[in-house]
Structure formats: structure tokens, C-alpha cells
Amino acid sequence: MPQVAVVDDDPRIRALLQEELEDEGIDANLCASGLELFKLLESQPIDLILLDLMMPEMDGIECLYRLRQIDFRGRVLIVTALSDDQKRREALEAGADEYILKSDLFDRLPMLLERYSPSAPP
């Protein structure tokens, strides 16, 4: 199973995602901000990041750019409530692997974990 980080400023979303990931047998690393994510990455390898788009201090797009600057090789899925084609394009151009609406995430989570596990073909 992949090492997963959940990055969302909403503690309820983090808790829901943690519960869903635990149901899939994954212990999630929870981060309330992009800054917490970068601290986590200093001490632990992460394969998959579920990254909120709209956060204070550092939004998901800025976080994506910084991840690419440090040559992060894992997968990043933008998870957002914002259904916006321009933001989707911006996120994908910044390096996101997928742009997923929070309303769809829980139904798609098992398939996404399988698709983006470290052993899955690129």
C-alpha cells in the first residue's frame, strides 16, 4: 500500500479521509497545511498526496509548484470542492496527476489508490 498524505485545512475532511483510508488498510499522514506537508516530507517518503486546492498560507497550486521544485516523485491528486475548468487546467499544468471533486472522492478512492499505488505501472 502507498504511503499517503492528506493535506487539507479542514479537520473534518482530514478525519473523513483518514477513516476512508484506514478502511482501505492505509495509515494516512495528516497535514493541516502545505507547510506541514513539507516538514513531513523531510522525515518520511510519501507516494501519494491528496491535496486540497483552497488553503490559507499556501494554496494547492503553490504547493504543487514547490513539490516540483524539490523534485517530488510521488503522485499528487488535487481534491477540491471547486468545480472550475480553469483551476483544473492550472492544477494539471502545475503537476497534479488528477483533479477530483470532494463529492466524487469517496466513491473513487479505492480505484485511485490502486491506480496510484507505487507498484502500479506509470
Side-chain angles (χ1 to χ4, degrees):
M1 280 289 139
Q3 290 294 313
V4 177
V6 174
V7 185
D8 198 303
D9 59 315
D10 186 333
R12 296 167 300 173
I13 298 295
R14 288 194 309 270
L16 285 170
L17 282 170
Q18 180 179 30
E19 192 173 302
E20 288 293 318
L21 288 165
E22 285 175 354
D23 287 348
E24 297 293 328
I26 295 172
D27 291 325
N29 299 279
L30 305 180
C31 301
S33 69
L35 298 175
E36 283 186 25
L37 172 65
F38 286 98
K39 287 180 187 172
L40 173 68
L41 290 171
E42 291 174 6
S43 63
Q44 182 172 339
I46 298 294
D47 302 305
L48 177 63
I49 299 171
L50 302 177
L51 179 61
D52 186 22
L53 186 62
M54 297 180 293
M55 296 182 292
E57 296 177 2
M58 179 189 311
D59 70 12
I61 301 295
E62 183 180 348
C63 190
L64 278 166
Y65 283 120
R66 289 187 183 191
L67 286 167
R68 298 311 174 210
Q69 285 176 343
I70 65 166
D71 202 28
F72 176 74
R73 301 260 183 210
R75 305 298 192 120
V76 181
L77 310 182
I78 291 290
V79 179
T80 183
L82 188 62
S83 179
D84 181 310
D85 288 336
Q86 182 176 340
K87 283 293 185 186
R88 175 187 299 270
R89 278 191 302 278
E90 192 177 342
L92 295 173
E93 288 171 4
D97 292 284
E98 292 214 27
Y99 187 98
I100 303 155
L101 295 178
K102 287 180 180 177
S103 59
D104 298 333
L105 179 63
F106 295 100
D107 289 335
R108 296 183 58 199
L109 190 59
M111 180 273 302
L112 291 166
L113 291 171
E114 184 176 320
R115 177 185 295 165
Y116 293 112
S117 71
S119 60

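Residues V76 and L64 are in side-chain contact: their nearest non-hydrogen atoms beyond the backbone lie under 4.5 Å apart. At a threshold of 4.5 Å between non-hydrogen side-chain atoms, the residues D97 and R115 do not count as touching. Inter-residue side-chain proximity for L82 and Y99 is flagged as met; some heavy-atom pair is nearer than 4.5 Å. With contacts defined as side-chain heavy-atom distances shorter than 4.5 Å, the pair L48/L113 qualifies. Here the side chains of C63 and V7 are not in contact, with every heavy-atom distance at 4.5 Å or above. In this structure, L112 and L50 have side chains that are not in contact, with every pair of non-hydrogen atoms separated by 4.5 Å or more.
Follow the hydrophobic side-chain contacts under 4.5 Å out from I100 and you never reach L67; the two are in separate clusters. L17 and I49 fall into different hydrophobic clusters, where Ile, Leu, Val, Met, Phe, Trp and Tyr side chains are chained together by heavy-atom contacts under 4.5 Å.
To the nearest 0.5 Å, atom CD1 of residue I61 and atom CG of residue L92 are 8.5 Å apart. To the nearest 0.5 Å, the span separating CD1 on I13 from CG on D8 amounts to 5.5 Å. For the atom pair CZ (R14) and CD (E19), the distance works out to 14.5 Å, reported to the nearest 0.5 Å. Annotation: the span from L51 atom CG to M58 atom CE amounts to 9.5 Å, rounded to 0.5 Å.
In this view, E90 and K87 satisfy the salt bridge (Lys or Arg N to Asp or Glu O under 4.0 Å) rule, not counting sequence neighbours.
Legend: salt bridge (Lys or Arg N to Asp or Glu O under 4.0 Å) pairs involving residues 46-62, not counting sequence neighbours, sorted by first then second residue: D52-K102, E62-R66.
The two residues D9 and M54 come nearest to each other via the heavy atoms OD1-O, 3.4 Å. Closest of all the heavy-atom pairs between A91 and I78 is CB-CG1, 3.9 Å.
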Enumerate donor-acceptor pairs with a distance under 3.5 Å from any side-chain N or O in residues 21-40 to protein atoms, sequence neighbours excluded.
from, atom 1, to, atom 2, distance (Å)
N29, OD1, Q44, NE2, 3.4
N29, ND2, V4, O, 3.0
S33, OG, L35, N, 3.3
S33, OG, E36, N, 3.1
E36, OE1, A32, N, 2.9

